[in-house]
Structure formats: structure tokens, C-alpha cells
2 protein chains.
Amino acid sequence: MAVVPEAGPATGYPVFAVTADLVVLTVREGALQVLLIRRGLEPYLGAWALPGGFVRGAEDLDAAARRELVEETGLTAPLGHLEQLASYGAPGRDPRGRVVTVAYLALVPDLPAPVAGGDAAGADWVALPAVGELAFDHARILADGVERARAKLEYTALATAFCPPEFTITELREVYEAVWGARLDPRNFHRKVTGTPGFVEPVGRSVAAERGRPAQLFRRGAAQLLHPPMLRPAP
Amino acid sequence: MAVVPEAGPATGYPVFAVTADLVVLTVREGALQVLLIRRGLEPYLGAWALPGGFVRGAEDLDAAARRELVEETGLTAPLGHLEQLASYGAPGRDPRGRVVTVAYLALVPDLPAPVAGGDAAGADWVALPAVGELAFDHARILADGVERARAKLEYTALATAFCPPEFTITELREVYEAVWGARLDPRNFHRKVTGTPGFVEPVGRSVAAERGRPAQLFRRGAAQLLHPPMLRPAP
DNA sequence: AGTCTTATCGTCATCATGACGAAAAAGGGA
DNA sequence: TCCCTTTTTCGTCATGATGACGATAAGACT
């Protein structure tokens with residue numbers, strides 16, 4: 001039942017199928033969550049898996065990832081962040097044959113619940129501690145993506161990719177706390193964020209929360225990298 | 001002349017060839033240098049290119065990269081460092097057809113001159129500023145690899161991968177200076193390196209250089225990450 | 001008005017860093 | 001042997017960033 005042949009036509013080059021799989025992370029309800037689909041086809045029928053699909057014939061890898069992201073989340077705006085994570089191609093990772101997957105990491109703001117499309121029988125956000133078994137080697141890919149996200153919050157301004165266009169410092173801090181799984185001092189965090197040039201820029205308006213003093217609104221600044229970085233608290 | 005067919009046998013999945021290409025960096029003569037081969041086959045016959053080759057049928061991606069590294073440098077020891085860099089699969093990047101390359105970054109100590117093997121008509125170390133045109137999209141891959149190496153020296157202990165098993169603090173500093181293209185204060189560098197737990201461990205012996213006070217010998221420590229990182233001087 | 005809650009601003013000790021002085025440990029030459 | 005040069009290694013000092021935490025500001029609610 002090999003979908004993918006094991007050798008090319010004339011030469012001895014092995015032949016592969018290439019997929020783009022996505023680790024789509026968001027922060028919902030104070031927790032880091034990942035977008036998973038329930039597989040509607042064999043193999044791993046009915047199992048949870050990362051969204052993704054085959055790269056098309058005239059398509060770049062990044063374009064395939066972006067297309068899958070739009071199909072699964074509807075997110076096409078300048079919001080969010082998409083970067084290549086890593087590639088996985090162990091010989092036995094897909095029972096259909098030799099499949100190399102190029103994994104991408106997407107960080108998106110809190111979006112409406114996804115709709116199942118394509119080969120998926122269902123799609124939903126799942127909080128990280130609640131993620132169980134995944135199809136293929138997707139558990140490993142997910143772990144790599146989460147670790148990449150945790151590390152990148154330290155030395156880049158990517159945390160704003162989890163936020164809507166305008167946000168408060170507290171919302172930004174809750175992103176860090178959810179991704180890192182650690183509590184941060186609100187006063188020191190406020191000083192660090194507002195004191196780093198280009199991290200965030202004040203909008204000028206304030207918004208009242210449910211309780212307490214209204215908070216200023218900010219939007220993302222021009223800075224990509226944080227100098228000096230914001231280091232996670234020691235474990 | 002398409003070596004790689006454009007569609008799979010029964011389904012509509014496009015079919016790819018997969019290669020593993022290597023960005024092998026070292027520090028020689030005080031400069032960052034990269035291992036390049038001169039192509040002995042079409043396309044790009046006679047052009048400089050990164051070493052690499054097709055991933056075999058029953059081979060993992062990492063295994064293919066390690067095999068190519070051994071074939072090109074003879075380096076198989078626990079020395080050095082090898083990690084996946086990124087994948088490149090733009091539709092037109094290889095005139096033979098649809099080829100996705102998984103690029104790897106290798107950091108190795110100063111090795112004897114490489115011998116040309118496989119499809120290569122020649123192989124040599126080239127200092128970075130002297131690198132001209134490269135085949136395929138290898139210039140882009142090389143640039144990504146160099147930037148990855150520069151960034152990783154900041155927050156990991158990977159600089160020791162460029163050094164022999166025993167080295168002096170000055171040799172380690174020259175690695176940083178070559179990779180970053182910047183001069184570092186020897187006194188502050190010495191304090192930072194010896195003060196970071198697990199970065200380097202004293203061997204106990206000293207070695208006399210050509211001039212000046214003999215320097216203590218160190219070997220790499222157990223630390224993988226530097227806390228806090230060693231930041232490059234501002235440009 | 002008083003209270004509660006959260007946002008924001010300050011203070012202070014500590015740590016890491018950049019700039020740089022100075023001592024230690026070798027060899028070479030007068 | 002005694003400087004002189006060179007390089008390694010140790011100190012000093014001012015500055016900037018950080019962690020811990022006090023204090024004030026600005027709303028809603030009773």
C-alpha cells in the first residue's frame with residue numbers, strides 16, 4: 001500500500017513525498033494551547049494530529065505552510081507569526097512510505113474555534129497538558145515547537161504575536177506566564193517591557209478591565225529582538 | 001531532463017527528491033571559513049557549492065548529514081557539532097526537478113585540508129569574505145548558517161566545537177572574534193568565560209605560546225547554555 | 001466616604017558588564 | 001644578571017539591568 005514509490009524513474013535516487021505540518025500555538029483562557037485535528041483518513045484514523053498536508057507541485061515550502069494555516073484557521077492577516085521549525089524524515093515515520101515533513105511554527109492570537117476542513121474529521125484547541133497521544137511523530141514535533149516558542153520569547157518581541165492588535169501590559173505578561181508556565185512580577189515586567197525601546201508603543205487610550213485601575217493600551221513596536229533579553233526565571 | 005518525476009504513481013501527490021547539504025564552518029588562520037566543493041557534474045558544473053548529496057532510501061535525515069560530513073571531512077569523532085539548519089524547497093531551485101534540501105550546520109575544529117570525493121572535482125576551505133557565487137540557492141543557505149552560528153555563540157557553549165579538545169582562553173576568544181568579526185577585551189572575556197559555571201574546565205597544565213606568559217589549558221565543560229548569555233558588542 | 005482591586009511608579013541592594021590599571025610569568029637581548 | 005617586551009591573569013570602579021517589594025493612582029462597588 002505504498003503511496004510513495006521507493007525509487008525514482010531512471011536513476012537510483014529515492015523519491016519522497018513532502019508535507020508541511022503546523023504547530024499552531026495560541027494563548028486561551030490563560031493557558032498555552034495547540035491546534036489539533038482529528039484524522040479522517042488512514043493511517044491513524046481518528047487520532048489527534050497536527051494540521052498539515054502535502055506540498056503541491058509548484059509551491060514553495062513557506063507557501064504550503066501559509067496555505068495550510070489559512071485553511072485551518074482562516075488567519076491571513078498581518079497578525080500572528082509563521083516560521084519554519086524543522087524537518088523530520090525518519091524512514092518509518094509514515095507507514096504509507098517515505099514522507100519528509102517540513103514543520104512550521106505559528107503563533108496566533110486568540111481566534112474563534114477552528115472548523116474542520118480537508119481530511120480532518122474535527123479540529124480544536126487543546127491545552128498543552130491535556131495533549132495525549134498524537135499520530136506519526138507529531139508529539140516530538142509539538143515538543144520541539146513549544147520549546148522553540150519558549151526560547152524565542154526570551155530574546156525576541158514575538159510575544160506580541162499572541163496578542164490582538166491592541167493589548168495591555170498585563171495581557172502581554174499573561175502570555176509570558178502561559179508560555180513559560182511561571183509567574184512574573186507585574187511591576188518588574190511592566191518596567192522591562194515599557195523600558196525596552198521598540199518593544200511596545202502606547203496607543204494613548206486606556207481600557208477598563210473588570211476590576212481595578214484601567215490599563216493603558218499598547219501595540220507592538222518595531223523591535224524584533226530584545227536587547228538585553230528577557231530571561232525566564234530560574235527553575 | 002527531469003530526473004525527478006512531477007507526480008506520484010497513482011495519487012496526485014507531487015514527488016520530490018531530498019538532499020542533505022552541509023554548511024561546515026571552522027576557524028582557520030583567525031578567520032571563519034566554510035568547506036566548499038567544486039561541482040564535477042551538471043548542473044552548475046565547475047561552480048562552488050556546499051557539500052551534500054541525496055538522502056538514501058532507508059536513511060534518516062540526520063544520518064544522511066552525518067554520512068556526508070564524514071565523507072567530506074573524515075570527521076567522525078565526538079569532536080565538533082552538527083545540527084539541522086533549515087529546509088529549502090522553492091520550485092525552481094534545482095533545474096533537474098523538484099528537489100528539497102535539508103541543510104545542516106556543522107561546526108568543526110581546524111582540520112586537515114579536505115579531499116574531494118563523490119561528485120566533487122575539488123574541495124577546499126574558503127574564508128567567508130572570499131566566497132563568491134555559489135550553485136543553486138547555496139549562498140542563501142550559507143548566509144543562514146553563518147547567522148545561526150553567530151547567534152548561537154551568544155547563548156550556548158558551542159564555541160568550544162571550533163576548538164581542539166584542549167585549548168586556551170585566548171584561543172577560545174579568537175574563535176569568538178573570528179565568527180563575530182569583532183575584537184573582544186581579553187580581560188573581560190577571561191572573566192566571563194571562567195566565571196560561567198560549566199563553560200570550560202581547567203586541565204591543570206599550561207602551554208607556552210610563542211611569546212608571553214604561558215596560558216592555562218581548558219577543556220569544554222558540561223554546560224550547553226550560557227546564563228546569562230555572552231552578547232556581541234553593539235555595532 | 002471607605003474599600004477593594006489592579007495598574008503604575010519608586011526605591012534599594014545585588015549582579016553583570018565595559019573600561020582599564022596592574023601584577024604575574026615566560027623569553028630575548030644587552 | 002637585569003631590564004624589556006609580550007601575553008596571561010587578577011583587581012578596581014562606575015554604570016546599567018534585575019529581583020524584591022513599598023507606595024501611589026485610578027477606577028468600580030458598597
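Because only heavy atoms are used, hydrogens play no part in the values below, and waters and symmetry mates are left out as well, while side chains stay in.
In this structure, A:Asp185 atom CG and D:dG22 atom P are separated by 11 Å, rounded to whole Å. Atom CD of B:Glu171 is separated from atom C1' of D:dT7 by 13 Å (rounded to the nearest Å). One interatomic measurement links the two molecules: CG of A:Leu184 to P of D:dC21, which rounds to 15 Å at whole-angstrom precision. Here D:dG27 presents its P atom at 12 Å from CD of A:Gln216, a figure rounded to the nearest Å. Counting to the nearest Å, the C1' atom of D:dT7 and the CZ atom of B:Arg183 are 14 Å from each other. Atoms CZ (B:Phe189) and P (C:dG18) sit 12 Å apart, rounded to a whole Å. The interatomic distance linking B:Glu210 (CD) with D:dT6 (P) rounds to 14 Å, in whole Å. Here the C1' atom of nucleotide C:dC15 and the CG atom of B:Leu226 are 17 Å apart, to the nearest Å.
The phosphate of C:dT17 (OP1 or OP2) has a side-chain N or O of B:Lys192 nearer than 4.0 angstrom. Between D:dT9 and B:His190, a contact under 4.0 Å exists linking OP1 or OP2 to a side-chain N or O.
A:Ala208 comes within 4.0 angstrom of nothing in the nucleic acid, heavy atoms only. Heavy atoms of A:Thr170 sit under 4.0 angstrom from primed sugar atoms or phosphate atoms, though from no base atom. B:Ala209 comes within 4.0 angstrom of nothing in the nucleic acid, heavy atoms only.
Residue side chain B:Arg213 does not reach the base of C:dG27 through any donor-acceptor N/O pair under 3.5 Å, judged by distance alone. A donor-acceptor contact under 3.5 Å is not formed by the side chain of A:Arg211 with the base of D:dG27.
When distances run from any side-chain atom of B:Arg187 to the nucleotides C:dT8, C:dA25, C:dC20, the shortest one goes to C:dC20. Among the nucleotides C:dA19, C:dA16, C:dA7, the one closest to any side-chain atom of A:Arg173 is C:dA7. Closest to the side chain of A:Pro214, from the set C:dT17, D:dT9, D:dA26, is D:dA26.
Remark: aromatic rings of A:Tyr176 and A:Phe189 are close, center separation under 6.0 Å. Ring centers of A:Phe167 and A:Phe218: at least 6.0 Å apart, outside the cut-off.
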Please walk me through it: do B:Asp110 and B:Thr26 pass side chain to side chain donor-acceptor pair (under 3.5 Å)?
CA-CA 6 Å; B:Asp110 192 353; B:Thr26 194; 5.0 Å; no
For A:Val102 and A:Thr19: C-alpha separation, side-chain torsions, deciding distance, then whether side chain to side chain contact (heavy atoms under 4.5 Å, CB included) applies.
CA-CA 6 Å; A:Val102 184; A:Thr19 58; over 6 Å; no
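Cation-pi geometry between B:Arg39 and B:Trp48 is not met at under 6.0 angstrom from the ring centre and within 45 degrees of the axis.
Along DNA chain C, the nucleotide nearest to A:Gly212 and the one nearest to A:Arg191 differ in position, and the one closer to the 5' end is contacted by A:Gly212.
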